[in-house]
Visitor: 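I have a structure here, written as structure tokens, and I will follow up with some questions on it.
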Number of protein chains: 2
Amino acid sequence: MTAVELIERKRDGGTLTGNEIRWLITEYTAGTVADYQMSAMLMAIFIHGLNGEDLTVWTEAMLTSGEVLELSDIAGCKVDKHSTGGVGDKISIPLAPMVGACGVKIPMMSGRGLGHTGGTLDKLETIPGFRTGFSADQFAILLAEHGVVLGGQSEHLVPADRKLYALRDATGTVPAIPLIASSIMSKKLAEDLDGLVLDVKFGPGAFMEEIDRARRLAETMVEIGDLRGTRVVALLTDMSQPLGREVGNASEIRESIDTLRGEGPADITELTYVLGAEMLVMGEVASSVEEGRTLLEEAVATGRAMEKFAEIVTAQGGDAQVLENPELLPTAYNTDTLEAPESGWVARCDALSIGVGAMRLGAGRERKEDNIDPAVGVTVQAKVGDHVEKGDVLAKIHWNDAYARGIATPLITSAWEISESPVEAPQLIAERIGSQR
Amino acid sequence: MTAVELIERKRDGGTLTGNEIRWLITEYTAGTVADYQMSAMLMAIFIHGLNGEDLTVWTEAMLTSGEVLELSDIAGCKVDKHSTGGVGDKISIPLAPMVGACGVKIPMMSGRGLGHTGGTLDKLETIPGFRTGFSADQFAILLAEHGVVLGGQSEHLVPADRKLYALRDATGTVPAIPLIASSIMSKKLAEDLDGLVLDVKFGPGAFMEEIDRARRLAETMVEIGDLRGTRVVALLTDMSQPLGREVGNASEIRESIDTLRGEGPADITELTYVLGAEMLVMGEVASSVEEGRTLLEEAVATGRAMEKFAEIVTAQGGDAQVLENPELLPTAYNTDTLEAPESGWVARCDALSIGVGAMRLGAGRERKEDNIDPAVGVTVQAKVGDHVEKGDVLAKIHWNDAYARGIATPLITSAWEISESPVEAPQLIAERIGSQR
């Protein structure tokens, strides 16, 4: 078998066997197949596609390219959730303790990556002392003892994806649906899951702008799960405006705490319950999503969800006092207020402009080596459909660096559009994809 | 401008501007654009194509990536011929002196490459003392003084092609017609030509097996010439059986000498005259191919073609005595005779089997670092359509190495098929492509 033979076959629209795909991924990870050969293969895949069984084998080959969790000794179903990422998306943080409090195991490993704000790890690390780096053994012990781990992806997890992603980034082959799907699924399936809920975003603030592409990505990931026998359900959700009110890092922890207390914004609360109910069904704790939702509401009402979060924070070395006193979390030195220039209904509250603005303030990374300022961000106070009077607060801009503020403010300001006539709020959850319910 | 932007555009079937193509080729040659980026671009070009103006700009960018001959100070039209290569194809060797004897300048630079036998350079170097490596200045002086140079491609000629070819070879992107066309044309057009005749082969012994692909390659190269204002004519010629009788290196020089004396095989003589007549028209020495052919026949009949060859050989340091006494050229120590197993008509005399057999004898290179044995080869004595009696000689196998002979003999033997009923000889020249006549 040579790399050239396989490239030629894919180039001409043919298919590769399972053994060929496994060989290619293994040899590429080992460095025997060169970057310039893999990039030609990726371009052929980009143009001709990679489907069904082939894509499942490709994903499986990626996930076995490195360390894989082995959690079968731990009782109970292991379920996780993955979001393709959006502005203000902190759902994982209230979701994991809520679902964990109901008895489903959540071995969550998150990436750091680039984005408008930090990732789940960056947000959690604004809690003093909170650790996310564990060995596979430590991870398994934490999961066995507490039922939930909010960890980071180790360097040994899916090394093929690390290499492939860097190569795709340099060769114009990032936005290929099979390559995105296999990248996401290989990392999640390496968590040894029984079930996975996917939150696939669409709209201007999402990686996939059009709902059609988001749907294709969701269907592709559900199919990978089906073909290997892992339950996967995907929701297509709106990302035209930020999720919740807070866009930042420490501020998103504060909003997560509110949500765990039952005092979160309506959209965050709703999406957390809907995703969580699917996880409880997959985790065989609820027999229907309706029952699942009731269980989650009870966990919040009784304080068990919040207690579980405190337990996780303590187990991972964090100071659980901040959960009682969220004002202990970092805050910015300065706050500007953005006011409505006229009365009317909010017609646009653009997630992308607010997201890029937050990144410019220092809340997110443009390059891997950038540091994040945990305190800066935007508080969104008027969302699409809301009625505002002239002079009402649309948003608050929390900043530390005057130069960054100067660049970010016009971007953030440009996000809003006020209409003279009433506007309907967009539907948060557009579709559900997946055969199991 | 970034490589990723250009790759993405081509990936999606878009076109690149002239400046973008020039930037890409320049930066790739300089090493700023990485191999893994160029291989993704090559795969996108392979699948989506590269046409018309774009391909002409691509070719031009390649040819200006290195040293280009500057021959405008030398009077007269400069014309050359290129063949895509075939078994027994020694046409350049009798052609250049014939056309040169009629007054057209021929600044021929040939490659060495891989193949069933050596290239034109390897064949010429079987003449003792014959040199092919010249600086651009030496090359121009030789051309000015003798009207013909049979030189090698310097390392400074089209460095982009050298890099691109190695990359294509490792990434399954060799057989893309635009990439083949630009590789050939960039090297030939770097000779500062007024006109170019192309001999595009098809059949089992050719790089392009099917005539349709050979035609598309020919049309593509003619279009590149048209768009930049260089006269280009292509002939599609048969490569199902070897050209002439000799397949080797020194033996092909002997057959070339025969042809210059008017005593060559019919197919070699015919193809040399047809290609040469086109060159004389392009070179503005003849006003029609009929007139061109008459001029070539006169050059042979009067001995001027042979004299010109002796002049070139002497100018390039070779021993012109071998032209008078071709038996001074290397010969193999052993010769086997291959006899017809039955009486009938030759139905097949397969160029590929004979070519691979000759290579196994040592006449050609499998790898760049291989040496060539100038003495070994095959003499083909019965070709398609010939009538043979049982026991007649089909071929002679000239060998030096017993192990190589053992591998080559069955291959060479398998080339012939004898039919009980008469067979028609294939037509040598199938089509002519090009607007000028």
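Naming: A, B, ... by sequence-line order, numbering from 1 per chain.
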Visitor: Rounded to the nearest 0.5 Å, what separation is found between the CE atom of A:M43 and the OH atom of B:Y36?
Guide: 14.0 Å
Visitor: Among A:E5, A:M38, A:M41, A:H48, single out the residue with the greatest number of heavy-atom pairs under 4.5 Å to chain B.
Guide: A:H48
Visitor: Side chain, backbone, both or neither: which part of B:A3 has a heavy atom under 4.5 Å from chain A?
Guide: neither
Visitor: What's the shortest heavy-atom distance between B:I7 and A:T171, and which atoms?
Guide: CG2-O, 3.2 Å
Visitor: For the pair B:R11 (side chain) and A:G172 (backbone), establish whether a donor and an acceptor sit closer than 3.5 Å, ignoring hydrogens and angles.
Guide: yes
Visitor: Sort B:L167 into side chain, backbone, both or neither according to what part of it lies under 4.5 angstrom from a heavy atom of chain A.
Guide: side chain
Visitor: Taking all atoms of both residues into account, what is the closest heavy-atom pair of A:S39 and B:S39, and its distance?
Guide: OG-OG, 2.5 Å
Visitor: Which heavy atom of B:D169 sits nearest a heavy atom of A:V4, and at what distance?
Guide: O-CG2, 3.8 Å
Visitor: Is it the side chain or the backbone of A:D12 that comes within 4.5 Å of chain B heavy atoms, both, or neither?
Guide: side chain
Visitor: Heavy-atom cut-off 4.5 Å, strictly under: side chain, backbone, both or neither for A:I47 against chain B?
Guide: side chain
Visitor: So what's closer than 4.5 Å to chain B heavy atoms on A:A44: side chain, backbone, both or neither?
Guide: both
